Amino acid sequence: MANGQQPSTHNMTEQELLRRESLQKLRELGIEPYPAEMFEVTHHAADIVANYQEEILEDGSKNRLNYQTVALAGRIMAAREAGKAMFMNLQDASGRIQLYLRRDDFVASPDGATPEAPMFDMVIKKLLDLGDYVGVSGFAFKTKTGEVTIHVQQLKFLSKSLRPLPIVKRDAEGNIHDAFTDPEQRYRMRYVDLTVNPEVRATFVKRTRLIKTIRAFLDELGLLEVETPILQPIHGGAAARPFKTHHNALDMPLYLRIANELYLKRLIVGGFDGVYELGKMFRNEGMDRTHNPEFSMLEFYVAYKDYFWLMDVTERMFERIARALSDDGGTKIQSGAHVLEFAGPYRRLTMFDAIQEYTGLNVETADESALRNYCRQQGIEIDKTMGKAKLIDEIFGEKVEKHLIQPTFLIDYPVEMSPLTKKHRSKPGLVERFELFVNGKEVGNAYSELNDPLDQRERFEEQLNLAARGDEEAMAMDEDFLRALEYGMPPTAGIGFGIDRLAMLFTGQSSIQEVLFFPQMRPETH
RNA sequence: GAUCUCGUAGCUCAGUCGGUAGAGCACUUGACUUUUAAUCAAGGAGUCAUGGGUUCGAGUCCCAUCGAGAUCACCA
């Protein structure tokens, strides 16, 4: 405690009290449980386990060939006493390795051992608890059961753990016993989750590899990584409700960005050929297993390109991600019952053709009332405010989306739903837009960007009409963005991906909370 | 936001018809100098999420609140 107060101990559990007593006893013995000086780590558990070598001599004895002097640091995760010897499992960032300690090795230990409190019997056997961080030094060997083990000659406390960790055990068949599984506790105490559930750690390592792969790909493509404002005076670029805040010095409202699209396009106006941003977006909407109020997006914009070019680039990027994240370096990813193939080219299907294929309905020739009848007949929820474009979108969402398992580009959307997208070069009423669907879910959204400033102004005005009719998600007029377009933006292709969704896809997780270290939670009540 | 399910020891979970709170691991004490879900013996550990109600009596039945999960609605 900062003010030197002792925390009250009256509502601590038995085990917490015992650990505090152990801490006190260590101090009384002159052993500092939280030493300041660094501990020099020379090796990591996984490397030793993987690379230890020994040879059998002619007389049958063994000769250890490497790791004769090692120092490791980590948490003690298991301990098995065997008389005057002891086995422990040490867990460091690389994995686990077994430790072997003998009483004889600690009889004359310089580390605070006294006749009244021998290092082994008193300190190691009694005052060392599971979860403590220790530094150990010794040599590697193989036990007679064949497990690579560190024969510990010195042990140093690095940090005492005052709370018992959940004990997760794994038997010889690999079955996990007493796993720490309660999602609430796992998300609230991710540090505990990461400590005891190695597969959770592996998921997050994969997430980072996903992001690094994307960065490398886009850097090689020659795009410039940029940062744009998170606090925006006008929230634009997407249809969503924002978080609102207030800047005191300027005495003005600000919004946490729901998208960065309009800023990235300003940079294309400014003369950059290609830019990308990886960052957090914030949307003040409902939460469920695919939505968190803050989430990560990748957006990139490239001048002189169109949406066909983006489809090619997307195929190459996804193939590379798959190779980086699959277990075998291949392009296939197992996801539930499906094996997803990320080697391109992906199927390209117009929205109208997709609906025709999966419903038999020709939405191009059907009029609004025919679509309404179809929806009613199929039990698709609709309301009176929905125009033809919205009805088509509803039919697609209900009847088609779930069938798009293998990566599929769905192309050419009605103009009404895409206020920032260039009109189709040859199909009236449509825009040059695609969404990428994988595993029945949308993972990316792209288009040939609208760069006609007069057309863009009309689209914003249509949005204002929607807002006037009560649409809380309609976009606001952004005069500065229009001014930028009036100066001239080259033809540009742009695309956005939900990074968390990609992380879920490539790690086989069905909840966004499993790919966010700290998903949003209601406050704990004590 | 709606509906359903759940909340019991540090962890994972039992708890029958409403009748003194249970197990395994973890913890404590003891035995064991190559064990490994170590084993063996003994022991301790609980505001049954919180607050009300019904009842002679509530972990159990009822109501409210808090938290979580699932499904739906909205969205990426």
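These values consider heavy atoms only, across backbone and side chains, with no hydrogens, waters or symmetry-generated copies. These numbers were taken from a predicted model, which means no experiment stands behind them. Convention: sequence-line order gives letters A, B, ...; per-chain numbering from 1.
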Item checked: Residues forming a salt bridge (Lys or Arg N to Asp or Glu O under 4.0 Å) with E81(A), sequence neighbours excluded -> K125(A)

Notebook entry, point to check: Do we see a donor-acceptor contact under 3.5 Å between the side chains of N260(A) and E277(A)?
Noted result: yes

Notebook entry, point to check: Near RNA chain B, under 4.0 Å by heavy atom, which residues of residues 72-82 of chain A?
Noted result: R80(A), E81(A), A82(A)

Notebook entry, point to check: In residues 279-290 of chain A, which residues come under 4.0 Å of RNA chain B by heavy atom?
Noted result: R283(A), E285(A), D288(A), R289(A)

Checklist line | Watson-Crick or G-U pairs under 3.5 Å in RNA chain B, rendered as dot-bracket with [ ] for crossing pairs and | for another strand | finding: (((((((..((((.....[..)))).(((((.......))))).....(((((..]....))))))))))))....

Margin query: Checking D478(A) now: which residues fulfil side-chain contact (heavy atoms from CB on, under 4.5 Å) with it, not counting sequence neighbours?
Written below: I234(A), L262(A), R266(A), F460(A), D480(A), F481(A)

Note to self: Among residues at least two apart in sequence or on other chains, which ones pass side-chain contact (heavy atoms from CB on, under 4.5 Å) with L464(A)?
What the structure shows: M477(A)

Validation: residues 496-510 of chain A side-chain donor-acceptor distances under 3.5 Å, sequence neighbours left out:
{"from": "D500(A)", "atom 1": "OD1", "to": "R207(A)", "atom 2": "NH1", "distance (Å)": "2.9"}
{"from": "D500(A)", "atom 1": "OD1", "to": "R207(A)", "atom 2": "NH2", "distance (Å)": "3.0"}
{"from": "D500(A)", "atom 1": "OD2", "to": "S296(A)", "atom 2": "N", "distance (Å)": "2.8"}
{"from": "R501(A)", "atom 1": "NE", "to": "T290(A)", "atom 2": "O", "distance (Å)": "3.3"}
{"from": "R501(A)", "atom 1": "NH2", "to": "T290(A)", "atom 2": "O", "distance (Å)": "3.0"}
{"from": "R501(A)", "atom 1": "NH2", "to": "H291(A)", "atom 2": "NE2", "distance (Å)": "3.4"}
{"from": "T507(A)", "atom 1": "OG1", "to": "A503(A)", "atom 2": "O", "distance (Å)": "2.6"}

Under the rule for side-chain hydrogen bond (donor to acceptor under 3.5 Å, both in side chains), what residues qualify as partners of [X], not counting sequence neighbours?
X	result
K244(A)	none
K206(A)	none
K265(A)	E261(A), E449(A)

Next item on the list: Hey, which sits more toward the 5' end of RNA chain B by its nearest nucleotide, D129(A) or E294(A)?
Entry: D129(A)

Next item on the list: Output every pair passing salt bridge (charged side-chain N to carboxylate O under 4.0 Å, His left out) with a member in residues 169-185 of chain A, not counting sequence neighbours, ordered by first then second residue.
Entry: E184(A)-R188(A)

Notebook entry, point to check: Between rG10(B) and rG69(B), how far is it from one C1' atom to the other, in whole Å?
Noted result: 22 Å

Checklist line | Base versus backbone protein contacts along nucleotides 8-13 of chain B [heavy-atom cut-off under 4.0 Å; B, S, -] | finding: --BSS-

Next item on the list: Look at all strands and tell whether G498(A) reaches a base, only sugar-phosphate, or nothing, counting heavy atoms closer than 4.0 Å.
Entry: nothing

